Amino acid sequence: MNATLSKQGRQKHPPGLYLLFLTEMWERFSYYGMRALLTLYLTTAFISGGLGFEKGAAMSLYGFFTGAVYFTPLAGGYLSDRFLGRRLAITIGGVAMALGNFMLFAQHSLVGLYSGLGLLIIGNGFFKPNISTLVGELYSDQDQRKDAAFTIFYMGINVGAFIAPLVCGYLAEDLFKTTVEGVVHYGYRYGFLAASIGMVIGQILFNSLGDRYLGDIGKRPVGKSPDPQEAAAAHAPLTKKEKQRTAVIIIITCFVVFFWAGFEQAGSSLTLYTDIFVDKHVFGWEVPTAWFQSLNPMFIVIFAPILSSVWIKLAASKKGDLSIPTKMGIGMIMLGIGYMIVILAVLQTGSDEQNVVVKSNILFIVLTYFMHTLGELFLSPVGLSMVSKLAPIKLASLLMGVWLASTGVANILGGKLAAFTQSLGYFEVFSLIGAISIVMGAILLLVSRKLVQMMD
């Protein structure tokens, strides 16, 4: 057995993985470029290039949007499983998201905002569950490289997420920032244009190279597969073991809601806290607030290959790899520790935005994002791999949509929590999020053995 695992660990990954890596990289460039600017765009005065939303309302809208983009994969996954096929669904989603960002660029108005966000929500529903499912289809269920493959794929997500705030933030807060008669005007719309162009590049790569590197994978709906065994599996009732594995996916999905509710504060309350209460000067130069959104993906690009190799070495060892629930429990505790760090900063600065006496050291927010990143690496790519391993073939994209919907619930909850920072204060909200994450992580560790039994 160990010899087989070692042999699989030395095998190269299929080239299709790297095509999906690049496709996801550009899609995430598009999404995170837009996301890095959205809260700032909403809260900046209209005359300065924004829409002039009150901060609490802006963070609630941000939470609704980032939640909705993870609910629509339920419908997108179902439609692709039954009617469209994964490859066509990815293309439909990509085109819709490119148009959504273009609307944000073309129309500086509420009409442009809501139509653009609507297209992004719909497009993500078709794109997100299917690109991840395609990665799983490159490998057999027994292939021990799968966790490592999803960690590599996750690097693609975060290369795009790292570059996007730098490019889009530079365009909005520097290159196209102007001052006329003492009024500063930000070029947010040009950041949205860059996000749209990134999505177009990803779709060109995917559609021009898909036949060469993916073959027929994902071209047909599951029930219309030319493989007789796959077609039969698509119509057969679920076995007892498949029902147990589906239950594990749903149980763990409920746990990770609490992780993502805390993690997604990065684009809302943590962004506003950084903008107002953190000393962003480095060697006399002020770091743009949007650039802090690049810390998380930068850390992932650095540490994902390390963890990928660790998972492979553990899988080939006598004791074997850590179980999926164990990895996720550790990840949730790491997120909580990250909030304990930022709480130390809040104790110095307080939460009164109208009377900022002291600003916190930039290292507090850097270390917070670092711990959140480690937690994410223990949880998110492992979760994608889990769904691809455990989901019955007839429900593969639908259950991937369920997994992603947990992020949707979390984002809506996170938006409400972020809005409370304007009334309760940052200390109270950050303390609550950190404590809940640590407690839920500990509970997941306690029940991990039972979940592993249901998975086997």
Side-chain angles (χ1 to χ4, degrees), residues 16 18-38 65-66 68-107 111-135 137 153 156-157 159-161 163-164 167-168 189-214 216-221 397-398 400-401 404-405 407-408:
Y18 300 101
L19 173 59
L20 297 176
F21 174 108
L22 290 171
T23 304
E24 180 74 350
M25 182 191 80
W26 282 110
E27 187 275 332
R28 292 291 88 181
F29 173 91
S30 176
Y31 176 76
Y32 281 99
M34 176 280 305
R35 197 192 78 159
L37 300 179
L38 183 57
F65 165 71
T66 53
V69 296
Y70 288 103
F71 277 122
T72 48
L74 284 168
Y78 175 81
L79 291 173
S80 60
D81 278 341
R82 295 292 182 272
F83 307 109
L84 299 174
R86 312 199 204 291
R87 300 261 284 273
L88 177 57
I90 288 169
T91 300
I92 292 171
V95 171
M97 285 189 282
L99 290 173
N101 272 311
F102 188 80
M103 283 299 299
L104 292 173
F105 159 73
Q107 292 288 324
V111 172
L113 173 71
Y114 291 122
S115 59
L117 295 184
L119 284 166
L120 288 167
I121 290 168
I122 293 169
N124 197 79
F126 284 103
F127 186 99
K128 195 66 179 170
N130 291 292
I131 192 80
S132 300
T133 305
L134 280 183
V135 175
E137 290 185 1
F153 174 69
I157 295 175
V159 169
I163 297 170
V167 174
C168 298
R189 59 196 300 262
Y190 295 101
F192 298 136
L193 177 61
S196 178
I197 293 171
M199 191 69 250
V200 171
I201 293 172
Q203 283 302 298
I204 290 173
L205 288 172
F206 180 73
N207 285 283
S208 61
L209 300 175
D211 287 343
R212 180 176 179 180
Y213 293 114
L214 298 175
D216 291 331
I217 291 176
K219 280 190 172 181
R220 298 176 182 85
S397 286
L398 177 61
M400 188 65 77
L404 296 169
T407 312

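If you're wondering where the values come from, they're calculated on a predicted model, not measured in any experiment. Just the heavy atoms: all of them, side chains too, but no hydrogens, waters or symmetry mates, feed the values below.
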**OP:** Mind running side chain to side chain contact (heavy atoms under 4.5 Å, CB included) on Ile217 and Arg86 for me, showing each step along the way?
**Re:** CA-CA 8 Å; Ile217 291 176; Arg86 312 199 204 291; over 6 Å; no

Subject >> Spacing of CZ belonging to Phe153 relative to OG1 belonging to Thr23, to within rounding of 0.5 Å >> reply: 8.5 Å

Original post:
What are the two closest heavy atoms between Ala164 and Gly33, and how far apart are they?
Top reply: CB-N, 3.3 Å

Original post:
Given side chains that start at C-beta, do those of Leu120 and Met34 come closer than 4.5 Å, heavy atoms only?
Top reply: yes

Subject >> Non-hydrogen side-chain atoms of Asn130 and Arg87 separated by less than 4.5 Å >> reply: no

Original post:
Of all heavy-atom pairs between Glu27 and Asn124, which one has the smallest distance, and what is that distance?
Top reply: OE2-OD1, 3.6 Å

**OP:** Drop me the distance from Trp26's CH2 to Ile163's CD1, to the nearest 0.5 angstrom.
**Re:** 6.5 Å

Subject >> Gly85 backbone acceptor or donor facing Ser80 side chain under 3.5 Å >> reply: no

Subject >> Leu117 CG to Ile121 CD1 distance, which is reported to the nearest 0.5 Å >> reply: 6.0 Å

Subject >> Side chain proximity check, Glu24 to Phe127, heavy atoms < 4.5 angstrom >> reply: yes

Original post:
Within the side chain of Ser132, is there an N or O that forms a donor-acceptor pair under 3.5 Å with the backbone of Pro129?
Top reply: no

Original post:
How far apart are the closest heavy atoms of Ser196 and Ala98, and which atoms are they?
Top reply: OG-O, 2.8 Å

Original post:
If you look at every heavy atom in Gly94 and Met199, which pair is closest and at what distance?
Top reply: O-CG, 3.2 Å

Original post:
In Å and rounded to the nearest 0.5 Å, what is the CD1 to CZ distance from Ile131 to Phe21?
Top reply: 12.0 Å

Original post:
Taking C-beta and beyond as the side chain, do Ile90 and Phe126 meet within less than 4.5 Å on heavy atoms?
Top reply: no

**OP:** Could you grab the distance from atom CG of Leu19 to atom CZ of Arg212, nearest 0.5 Å is fine?
**Re:** 10.5 Å

Original post:
Hey, are the side chains of Val69 and Tyr31 touching, using non-hydrogen atoms and a 4.5 Å cut-off?
Top reply: yes

Subject >> Phe71 CZ: over 12 foreign heavy atoms closer than 6.0 Å >> reply: yes

**OP:** Could you pull out the closest heavy-atom pair between Gly191 and Cys168, with the gap in Å?
**Re:** O-SG, 3.4 Å

Original post:
Mind checking whether Lys219 and Asp211 have side chains closer than 4.5 Å, heavy atoms only?
Top reply: yes

Original post:
Of all heavy-atom pairs between Gly198 and Phe29, which one has the smallest distance, and what is that distance?
Top reply: CA-CD2, 3.9 Å

Subject >> Side chain proximity check, Leu38 to Leu104, heavy atoms < 4.5 angstrom >> reply: no

Original post:
Do Phe206 and Leu20 have side chains that get closer than 4.5 Å, going by heavy atoms?
Top reply: yes

**OP:** For residues 90-104, pull every pair meeting side chain to side chain donor-acceptor pair (under 3.5 Å), keeping only residues two or more places apart or in separate chains.
**Re:** Ser30-Asn101, Thr91-Asn207

Original post:
Roughly how far, to the nearest 0.5 Å, is the CE atom of Met103 from the CG atom of Leu113?
Top reply: 10.0 Å

